[in-house]
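Start at 1 and go down the list; that is how both ligands and their atoms are numbered.
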Amino acid sequence: MSTRQLDQTSFLASANGAFIEELYARYLKDPSAVDGGWRSFFAELKDEAPAVLKSLEGASWAPRHARVIGNGAGAAEAPAKAGNGAAAAMSLEAVRAATVDSIRALMMIRAYRVRGHLAARLDPLGLHKFQDEHPELDYRSYGFGEADLDRHIFIDNVLGLENPTLRDIVDRVRQTYCGTIGVEYMHIQEPDQKQWIQERIEAILNRTEFTQRGKQAILERLTEAEMFEQFLNVKYPGAKRFGLDGGESLMPALEQILKRGSQLGVEEVVIGMPHRGRLSVLAHVMNKPYAAILSEFQGVSSNPEDMQGSGDVKYHLGTSADREFDGKNVHLSLSPNPSHLEAVNPVVVGRVRAKQRYLGDHERRRVLGLLMHGDAAFAGQGLVAETFGLSDVRGYRTGGTIHVVVNNQIGFTTNPAQSRSSPYPSDVSKMVQAPIFHVNGDDVEAVVHVARIVTEFRQKFRKDVVLDIWCYRRFGHNESDEPAFTQPIMYRTIARQPSTRAIYARKLVEEGTLTEEQAAAIALAVRAQLDRDFQAATTYKPNKADWFDGRWKHLSVAPTFEERRGKTDLPVETLKRVGEAITTVPADFNLHPKLKRLMTQRRQMAETGEGIDWAMGEALAFGTLASEGYLVRLSGQDVQRGTFSHRHAYLIDQENEQPYVPLAHISPDQARFVAHNSPLSEAAILGFEYGYSLVEPDALIMWEGQFGDFANGAQVIIDQFISSAESKWLRMSGVVMLLPHGFEGQGPEHSSARLERYLQLCGEDNMQVVVPSTPASYYHALRRQVHRNFRKPLVVMTPKSLLRHKLCVSTFAEMGPGSCFHRVLPDADTLVADDKVRRVVLCAGKVYYDLYERRAAQGIKDVALVRVEQLYPLPARSLTNVFTRYRNAEVVWCQEEPGNMGAWTYLDRRIEDILVAVGGKAKRPRYVGRPEAASPATGSYKRHAKEQAKLVDEALAAG
Ligand SMILES: Cc1ncc(C[n+]2csc(CCOP(=O)(O)OP(=O)(O)O)c2C)c(N)n1
Ligand SMILES: [Mg+2]
């Protein structure tokens, strides 16, 4: 450095960051190139240096009013006394010393931003060991001593402080970051989001000053929550309600999210939550009358009496409501959910997405997803991560979900250390860089304050955000549980802990916001309401069921099995027109040569109406539905091309990788066709599509498994929603599952879609299970989904080798006028008179073609091959006709699957019943197929082929 005079404008204001960075770069190249003070400073910083230098951006952090003089060789002028305003002269050495101070202070501030939450007082019980002594949060770790506390540090524009002393800074960061709110946000990569949070919280010490009205409203919400739970406790002691007791501040938090959300454009909120506090949410957020809830405690069903179905326990029920906030209406729907914690998450997110679509909410600010979680479940369930994984994926994103963790620091009898490996239950949300606000539930104003911030953040950045409310569970896991068996210390502490309401009421009285009488009057009013509703509950009648409201108006309960074909045929001209449109590619599109051939072949199918293969049959179903105005949405791994390279719904330009989607270019007024390649998850994607289907009845919503067996990763969604939701919650869905299935020698895992599992779940007309054996059959099954006045989930065993089987083709005659879905396909060829038929071989799916070819090869004439295209609901009438027709024949059920799998055990008794009723020669069916097995299929192709030939031969052989 020269003795050149440097003034503040040229050196300190504009070039500070750059200057230090340059010094640092010089130091990295050669430490001896910078002077000793800087050298030891950089050496101390070690790997932290780049991050620290980065954090300096935007702050001015050196003596503002100083002029620098001297040569940096130790001239002894002190840094300008802050606040004196005059430009004092400083030696370069003094500037260096002041700058180093500033940087050290900034490092400390940065440490608080990153780790201040570790020292925050989050636990209302005071049992959690917070890290108050964390060295990075101690100013002494930064080269300061006690004597420095009153020294001015030359930083401005930081923490909203001007000209602070070290003590000011320490006070400020402790209040902001180590009070009753702990903020984790420094893991976020986007600087604007980080900066927004910093600015939102630092200038105001991360607190809101509430108005008197605001404070009273908070107390009212707490009082309702507490008294409602207490009332239930007194009136129905020991009845399970999974009380919110100890976590009451959830209620004002939710209220704030809805209120602030409505101010920021939210019109609809889809809510998902577990058992804990659900009754309070139903009553106080969803405005479900106390009388309705109390009547359920008295044993009245939640559904109107004339409804069938199983119904469900009260803490699983959903409902919807319209709420008004400052004159703005917000529509709320609380999703019903099963006991399986977190399973509702993807369902809620799918519902949000569907609502955003039909409202035209392109910015995703009008419809909001709000999910509540228990601490143990949030950390434990993989579905949480799977659902986060959808958060910014095309086709699935919803503009971020607000997550609220009711962190009562226990899961049933399990302590946090036993339920997770991470410090917080919320760590999983860092995978999407969600900001996380931890807050002490007993500081209810802090809770409401952060509820407001998370809502603002979500609306501004449209990203997931987490509010982690640290609270406690006043009683056992449920109301008949003894928590002291396992957590005696915690429960002794809880017994001494005044309620959140009591703490807040006392605070308001002490600060003079309310009188004690006013606080008591709030409680009295709530109690009076509860007493009135308790009386009303004895005569309470549930409203009419609401499952055919709104977009479901044109639908109704399904008619009996035999009367529900639906009109799925189309004029041949329509098929041709759609067929041509979906085989047309723009002239300037660079199509892969093989796909050029494929499109030409498909074009021929459309022109001749002959030889229509599986993919073309599917495309015609999709295309005709879209042109009739039904949204068609297909989702799953690699679905755009198709796992088996058969679909090619999205064509990729070989020059620029731009997609072209023929199905989206049929006509200008068509509905959308979309296929989304999904993340590699089954549960989240199927749950999402199921949720989507709940909102959108006039759409074909499909999930395709890569191979059918992978659907077991989504078993919770299948068991708890798809197969049972209509019965439990009166909610219909037309969701479709496409599950590749077939024994083709590919080994244990790529053969079986576990057909047996779906059949075992079937009952009470809950869903449909089909194994279409022709493209036309598949085409009708898909079209039927929306062309009837009811909706049922559809499970389809889809083929693999049949995709390219020369016999597995259809014609327009089978799709055109007068055609429909046939639940049973009779033998195509009559080879002998019906009474001469020796055996009827019933089968489903691919094995039919093996049987057909073998029968022809062997010249067998007296065996009829009958395909059961729909296994559930079982087409009893059609099968009766078959058995009546072939009265003298024995009946064989032939399947590829091992005997303990496939449709056999499901069909055995049911076919027997029909045979007995028909009274022909056969009294019961005989089984032909692979023997019982642990693993679905062999890993050896040779063995597979041998087994397959054997079962086909046995099905046809005489005797
Ligand atoms: C997937 C799943 N596994 C196990 C259970 C049984 N179970 C019900 S509640 C509960 C504890 C949940 O703890 P937490 O998530 O912290 O919620 P809290 O009850 O404390 O509010 C358990 C294990 C369940 N309902 N769902
Ligand atoms: Mg818990």
Side-chain angles (χ1 to χ4, degrees), residues 122-125 127-128 225 229 240-251 253-254 272-281 312-317 335-347 371-387 403-429 438-441 466-483 485-487 490-491 494 500 682-684 687 712-721 724 728:
L122 299 175
D123 179 8
L125 301 177
L127 296 172
H128 177 78
E229 300 286 2
K240 275 193 199 178
R241 63 190 157 89
F242 297 102
L244 186 58
D245 317 68
E248 288 91 348
S249 56
L250 173 69
M251 303 313 296
L254 295 177
M273 72 175 299
H275 49 281
R276 178 89 43 221
R278 193 183 187 96
L279 296 178
S280 195
V281 169
D312 202 352
V313 292
K314 42 196 164 301
Y315 40 83
H316 289 163
L317 298 177
S335 270
N337 60 278
S339 186
H340 293 57
L341 294 165
E342 309 291 351
V344 79
N345 299 5
V347 177
L371 288 174
M372 279 160 260
H373 313 271
D375 50 321
F378 198 46
Q381 290 289 300
L383 199 42
V384 172
E386 288 192 31
T387 308
H403 300 267
V404 181
V405 186
V406 177
N407 182 357
N408 54 17
Q409 311 182 71
I410 194 165
F412 208 152
T413 67
T414 302
N415 291 320
Q418 300 164 316
S419 69
R420 58 179 188 259
S421 293
S422 56
Y424 296 107
S426 52
D427 292 82
V428 61
S429 61
H438 309 283
V439 60
N440 184 322
V466 180
L467 170 54
D468 176 27
I469 305 177
W470 285 52
C471 51
Y472 57 93
R473 190 189 69 195
R474 184 166 290 280
F475 303 110
H477 174 61
N478 62 55
E479 287 60 36
S480 56
D481 225 49
E482 174 50 70
F485 289 149
T486 47
Q487 275 84 12
M490 183 188 222
Y491 274 81
I494 289 173
T500 311
E682 284 74 32
N712 56 13
Q715 199 64 49
V716 177
I717 303 296
I718 298 162
D719 290 348
Q720 309 304 330
F721 294 92
S724 56
K728 293 191 289 193

Practice task
Heavy-atom distances under 4.0 Å are what count here, so tell me which part of Arg473 touches ligand 1: side chain, backbone, both or neither.
Solution key: neither
Handout entry: Candidate list Thr413, Thr414, Asn408, test side chain to side chain contact (heavy atoms under 4.5 Å, CB included), partner Ile410, passing option
Key = Asn408
Fill in the blank from the handout: For atom 25 (N) of ligand 1, the closest protein heavy atom turns out to be Ser339 O, 2.9 Å
Practice task
Without swapping roles, check the side chain of Glu386 against the backbone of Ala684 for a donor-acceptor pair under 3.5 Å.
Solution key: yes
Fill in the blank from the handout: Nearest non-hydrogen contact to atom 10 (C) of ligand 1 from the set His340, Gln409, His477 belongs to His477
Exercise for the section: Could you tell me the residue and atom name of the protein heavy atom closest to atom 13 (O) of ligand 1, and the distance to it rounded to 0.1 Å? Expected result: Gly411 CA, 3.2 Å
Fill in the blank from the handout: Within the 4.0 Å heavy-atom cut-off, what Gln381 brings close to ligand 1 is side chain
Exercise for the section: Return yes when Val406 approaches ligand 1 closer than 4.0 angstrom through a heavy atom, no otherwise. Expected result: no
Practice task
Provide the closest heavy-atom pair for Ala683 versus Gly713 in the form atom of the first, atom of the second, distance.
Solution key: CB-O, 3.3 Å
Practice task
Specify which N/O/S atom of Asp375 comes nearest to the Mg ion (ligand 2), by atom name.
Solution key: OD1
Exercise for the section: With the side chain counted from C-beta on, respond yes when Arg278 and Asn337 share a heavy-atom pair under 4.5 Å apart, and no when they do not. Expected result: yes
Handout entry: atom 3 (N) of ligand 1 within contact range, any protein heavy atom under 4.0 Å
Key = no
Exercise for the section: Report yes if some heavy atom in the side chain of Tyr491 is under 4.5 Å from a heavy atom in the side chain of Glu482; otherwise report no. Expected result: no
Handout entry: Taking atom 12 (C) of ligand 1 as the reference point, the nearest protein heavy atom with its distance
Key = Leu341 CD1, 3.8 Å
Practice task
Return yes if some donor-acceptor pair links the side-chain N/O of Arg276 with the main-chain N/O of His477 below 3.5 Å, else return no.
Solution key: yes
Practice task
Write out the residue and atom name of the closest protein heavy atom to atom 17 (O) of ligand 1, then the distance separating them to 0.1 Å.
Solution key: Gly374 CA, 3.6 Å
Problem - For atom 11 (C) of ligand 1, closest protein heavy-atom neighbour - result: Phe412 N, 3.6 Å
Completion exercise
atom 21 (O) of ligand 1 has as its nearest protein heavy atom Arg276 NE, 2.9 Å
Handout entry: atom 15 (O) of ligand 1 - nearest protein heavy atom and its distance
Key = Ala377 N, 2.9 Å
Completion exercise
Nearest non-hydrogen protein atom to atom 16 (O) of ligand 1, with distance, is Asp375 OD1, 2.5 Å
Handout entry: Ligand-residue contact atoms, ligand 1 with Ala376, heavy atoms, under 4.0 Å
Key = 13 (O), 14 (P), 15 (O), 16 (O)
Handout entry: Sub-4.0 Å protein heavy atom next to atom 6 (C) of ligand 1
Key = no
Practice task
Answer with yes or no whether His373 contacts ligand 1, where contact means a heavy atom under 4.0 Å from a ligand atom.
Solution key: no
Problem - Polar side-chain atom of Glu229 near backbone of Leu244 as donor-acceptor pair, under 3.5 Å - result: yes
